[in-house]
Amino acid sequence: MEALEFLRTNVQDGASDNAPLREGKGSVYDGGIRVPSALWWPGHTRPGTSSVFVTAQDVLPTLLQAVGMSETIPSGLDGVGRWREILEGENTAGQGARPPDFRVQGLGGVALIRSPWKLVVPSPPPFGDPKPELYEIYQDPEEKRD
């Protein structure tokens, strides 16, 4: 039985256990899209944690802000600079208190995130239509209450 569970985890959950978050890598649930990051820059950062929502699109403008080159951020980028938010640990940058809308496509469906809501539209199974799911991601990070 252990071998079957190992096989299921590797195939179905992307070879990851991201408990307490739901599912694993490649999924559109938070176990598949939340990724921890580490930042170390002596003299510029201090120990701490931040729960600021940063997407892959935000990395370039954030790094440009960090090195004092905000004016060189190309216009028309999908991402926004989050450097001040990361340092202060709160959502304070140009978009107000709400992170930008975000779309994720992965194994099993599509997720649309408009903070604090996340709409998951699962891929259709062999028979029947998928039922969309809606989660309040800050109050229900484990995505248990649709």
Starting from the C-alpha separation in whole Å, work towards a yes-or-no answer on side chain to side chain contact (heavy atoms under 4.5 Å, CB included) for Y138 and S115.
-> CA-CA 9 Å; Y138 299 117; S115 184; 3.0 Å; yes
Would E133 and Y29 satisfy side-chain hydrogen bond (donor to acceptor under 3.5 Å, both in side chains), going step by step from the backbone distance to the final call?
-> CA-CA 11 Å; E133 304 164 16; Y29 293 100; 2.7 Å; yes
Would a hydrophobic clustering, with Ile, Leu, Val, Met, Phe, Trp and Tyr connected at side-chain separations under 4.5 Å, put L112 with I137?
-> no
Does the pair E136/R145 count as a salt bridge with the N-to-O cut at 4.0 Å?
-> no
Report the residue from D58, V59, L87 that forms a side-chain contact (heavy atoms from CB on, under 4.5 Å) with R82.
-> D58
Drop me the distance from R114's CZ to D101's CG, to the nearest 0.5 angstrom.
-> 4.0 Å
For T62 and W83, which heavy atoms make the closest approach, and how far apart are they?
-> CG2-N, 3.6 Å
Run through T55, I113, L21 and flag the one making a side-chain contact (heavy atoms from CB on, under 4.5 Å) with I33.
-> I113
Please indicate whether W40 has more than 12 foreign heavy atoms, meaning atoms of other residues, nucleotides or ligands, lying under 6.0 Å from its CH2.
-> no
Which heavy atom of A111 sits nearest a heavy atom of K118, and at what distance?
-> CB-CE, 3.8 Å
Determine the minimum heavy-atom distance between P74 and L64, stating which atoms define it.
-> CD-CD1, 4.4 Å
Side chains of P61 and V80 in contact at under 4.5 Å (non-hydrogen atoms) | no
Under a 4.0 Å N-O cut-off, is there an ion pair linking D30 with R22?
-> no
Sub-3.5 Å donor-acceptor pair from the side chain of S27 to the main-chain atoms of E23, do we have one?
-> no
Euclidean distance, L39 CG relative to H44 NE2, rounded to 0.5 Å = 11.0 Å
Tell me whether V120 is reachable from W117 by hopping between hydrophobic residues (I, L, V, M, F, W, Y) whose side-chain heavy atoms are closer than 4.5 Å.
-> no
Just by modelled atom types, is the D78 backbone N or O under 3.5 Å from a matching donor or acceptor in the Q57 side chain?
-> no
Kindly indicate, with the supporting measurements, whether the criterion side chain to side chain contact (heavy atoms under 4.5 Å, CB included) is fulfilled by Y135 and K144.
-> CA-CA 8 Å; Y135 301 99; K144 291 182 175 181; over 6 Å; no
Evaluation steps, side chain to side chain contact (heavy atoms under 4.5 Å, CB included), between V54 and I86 | CA-CA 9 Å; V54 178; I86 292 169; 4.2 Å; yes
G31 and K25: which non-hydrogen atoms are nearest, and at how many Å?
-> O-NZ, 3.6 Å
Pair D146-L134, side chain to side chain contact (heavy atoms under 4.5 Å, CB included): steps then yes or no = CA-CA 5 Å; D146 177 8; L134 184 64; 4.3 Å; yes
Same apolar cluster (I L V M F W Y, side chains within < 4.5 Å links), V28/L119 | no
Might you point out which heavy atoms bring P132 and P122 nearest each other, and give the distance in Å?
-> CA-CD, 4.3 Å
Do L63 and M69 share a hydrophobic cluster, counting only Ile, Leu, Val, Met, Phe, Trp and Tyr and linking them when any side-chain heavy atoms are less than 4.5 Å apart?
-> no
